[in-house]
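Both backbone and side-chain heavy atoms feed into the values below; hydrogens, waters and symmetry mates do not. Naming convention: chains lettered A, B, ... in sequence-line order (proteins, then strands); numbering from 1 in each chain.
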Amino acid sequence: MGNSHKRGKVLLMYALIDCNNFYASCERVFNPSLVGKPVVVLSNNDGCVIARSNEAKALGIVMGAPAFQFEKDFEAKGVHVFSSNYALYGDMSARVMNILSEFSPDIEVYSIDESFLRFDGFKEHFNLQQYALEIIARIKRDTGIPISVGIAPTKSLGKVANKIAKKFPVRTQGAYAIDSEESRIKALKWTKIEDVWGIGRAHSKRLQAIQIDNAYKFTQLPNDYVQKQMSIVGLRLKRDLSGERILDLEKIPVKKNIAVTRSFKNNIDDVRDLEERVATYAIKMGEKLRRQKSCCTVIYVFLHTNQHRQDLAQLHRAVTIKLPYPTNSSIDLIKFAKSGLHRIYKEGYKFKKAGIIAMELTPENQKQYTLFTSENPKHLILMKTIDHLNTQTGQKVKFGSQDLKSFWKMRRERLSPRYSTRLEDIIKVICH
DNA sequence: TCTGGGGTCCTAGGACCC
DNA sequence: TCTGGGGTCCTAGGACCC
């Protein structure tokens with residue numbers, strides 16, 4: 001394996017831990033009768049499939065499949081369908097990540113269902129394969145969630161190892177280690193180019209055109225060619241896959257942008273209805289900003305018609321607004337977002353989606369107040385109070401510009417209970 | 001009728017300046 | 001025939017991720 005991943009005598013290793021079919025697995029934890037049955041979870045508005053159990057995958061239900069097209073299929077094949085329940089998934093994720101952090105002091109929570117752990121020096125003291133099996137058993141016992149573990153000297157190789165663990169659950173028992181030069185090459189030759197982490201549709205298509213159809217062949221390309229075609233990002237990936245430790249754990253970054261965007265259940269053409277939507281997004285954005293203690297100085301507002309309806313006139317409009325002062329007050333954000341909306345709105349179009357994005361975030365405690373334009377200091381106290389009411393008491397405070405009749409409520413017809421975060425929904429165990 | 005949402009990073013090229 | 005040149009900043013858009 002060369003010496004590229006060794007420093008002194010300490011062997012450097014990473015583990016990538018990934019929850020299997022996470023959302024579908026979460027639904028199963030609280031409804032064990034679903035074990036062994038096909039389960040799918042739908043996106044917002046029950047639009048398309050975003051998670052599938054292995055049984056659902058085997059039935060040929062593809063990722064992103066529009067739910068309405070598969071409705072009959074679901075019924076015919078006995079597929080259990082759920083609306084996405086982020087309160088449940090977020091809570092289950094936190095439990096899993098908490099336990100994982102007991103197994104290494106160095107952890108990067110990469111996404112809701114994935115973490116990298118650093119195992120530097122562990123190999124001298126543990127059988128890593130065995131250690132991985134312990135992690136799997138512990139997570140299963142304490143949360144009910146099945147996971148896969150890939151162990152390797154670099155992060156991108158950890159991804160490869162994880163994929164092998166998932167693909168051969170019986171042989172690997174859910175854990176696979178790339179721990180020699182031979183196993184690295186064998187694993188890369190097995191990995192299709194389009195399955196490599198960091199190589200998406202566009203790049204894999206271009207690589208396939210020059211007969212680069214697996215990850216090993218990709219690592220044999222000249223550096224300057226890779227850099228030219230795929231920029232510095234591609235070159236870093238090539239070196240990391242070759243066994244050089246290029247990618248390392250990343251700290252949870254403070255977000256640089258915060259977006260709130262939604263598709264509507266139905267088309268909207270009335271500007272007053274759009275105002276209500278945009279105001280609601282602005283409030284949500286304010287909450288997100290305050291949670292990470294940031295203010296924004298720029299907001300971006302956009303409107304889209306339905307791109308799937310080629311029979312209707314299409315329009316994409318957007319505007320970037322520089323705010324006079326950094327803010328995270330929902331009241332201000334509503335005002336600015338609405339003014340943006342009025343600049344881009346055009347009569348005569350049926351809009352399907354709108355969104356706002358907060359940009360150029362600054363820490364809340366570093367506000368630069370300008371002399372004449374600044375925010376109303378009363379907002380600060382008001383927002384604190386509202387956040388407290390919303391998060392601590394379960395009350396929902398609404399603003400005047402919001403719809404009070406829940407007319408816009410997302411379609412979530414098949415929502416499971418919030419088993420783990422809502423007392424009324426807690427699971428009942430009946431003993432006889 | 002019905003097709004998700006929220007992020008990051010990099011580069012090319014234009015605007016502008018001296 | 002020949003039409004400066006180089007630096008910086010900004011933005012749009014492409015590519016990727018889960």
- Under 4.0 angstrom, heavy atoms only, what part of the nucleic acid is A/V196 near: base, sugar-phosphate, or nothing? sugar-phosphate
**Request:** Could you check whether A/K205 gets within reach of a base, just the sugar-phosphate, or nothing at all, counting any heavy atom under 4.0 Å?
**Result:** nothing
In A/N45, A/D46, A/N44, the residue satisfying side chain to side chain donor-acceptor pair (under 3.5 Å) with A/S83 is A/D46
Practice problem: Report yes if at least one side-chain N or O of A/K265 is closer than 4.0 Å to OP1 or OP2 of B/dT1; otherwise report no. | Solution: no
Look at all strands and tell whether A/I232 reaches a base, only sugar-phosphate, or nothing, counting heavy atoms closer than 4.0 Å.
sugar-phosphate
Taking C/dA15, B/dG4, B/dT8 as options, the one with an atom nearest any side-chain atom of A/C48 is B/dG4
As its Watson-Crick or G-U partner within any shown strand, both distances under 3.5 Å, B/dC18 has C/dG5
Numerically ordered, the residues 50-71 of chain A set in heavy-atom contact under 4.0 Å with DNA chain B is A/P66, A/F68
Against the side chain of A/A202, the closest entry in B/dT8, B/dG5, C/dC16 is C/dC16
Discussion item. Please determine whether a side-chain nitrogen or oxygen atom of A/S263 lies at a distance below 4.0 Å from atom OP1 or OP2 of B/dG5.
Written reply: yes
>> So A/L42, base contact, sugar-phosphate only, or nothing? Heavy-atom distance under 4.0 Å.
In response: nothing
Q) A/K159 near the nucleic acid: base, sugar-phosphate alone, or nothing, with a heavy-atom cut-off under 4.0 Å? A) sugar-phosphate
Note: contacts of residues 302-315 of chain A with DNA chain C (heavy atom, under 4.0 Å) are none
Against the side chain of A/K256, the closest entry in B/dT8, C/dC18, B/dG4 is B/dT8
**Item:** Ring geometry between A/F351 and A/Y345 (parallel below 30°, tilted from 30 to 60°, perpendicular above 60°)
**Value:** tilted
inquiry  = For a quick check of understanding: with a heavy-atom distance under 4.0 Å over all strands, which category does A/I112 fall into, base, sugar-phosphate or nothing?
reply    = nothing
Here the distance between atom C1' of C/dC17 and atom CG of A/L237, to the nearest Å, is 12 Å
Return the orientation label for the A/Y110 and A/W197 ring planes: parallel under 30°, perpendicular over 60°, tilted otherwise.
-> perpendicular
Using OP1 and OP2 only, check whether a side-chain N or O of A/K352 sits under 4.0 Å from B/dC2. no
Rounded P spacing from C/dC18 to B/dT3 in Å:
25 Å
Is there a side-chain polar atom (N or O) of A/R206 under 4.0 Å from OP1 or OP2 of C/dA15?
yes
Taken to the nearest whole Å, CG/A/D73 to C1'/B/dT3 is 16 Å
Quiz item: Counting any heavy atom closer than 4.0 Å, what does A/R201 reach on the DNA or RNA strands: base, sugar-phosphate only, or nothing?
Solution: sugar-phosphate
Does A/T261 have a side-chain nitrogen or oxygen under 4.0 Å from the phosphate oxygens OP1 or OP2 of B/dG6?
yes
Out of B/dC10, B/dG7, C/dA15, minimum distance to the side chain of A/K288 belongs to B/dG7
Is there a donor-acceptor pair closer than 3.5 Å between any side-chain N or O of A/R28 and the backbone N or O of A/I145?
no
Testing B/dG4, B/dC10, B/dG7 for proximity to the side chain of A/Y86, the answer is B/dG4
Regarding the side chain of A/R262, the nearest nucleotide among B/dG6, C/dC18, B/dG4 is B/dG6
Winner on side-chain proximity to A/A259, out of B/dG6, B/dC10, C/dC17, is B/dG6
Exercise. Could you check whether A/N45 gets within reach of a base, just the sugar-phosphate, or nothing at all, counting any heavy atom under 4.0 Å?
Key: nothing
Is the distance between the ring centroids of A/Y23 and A/Y86 under 6.0 Å? yes
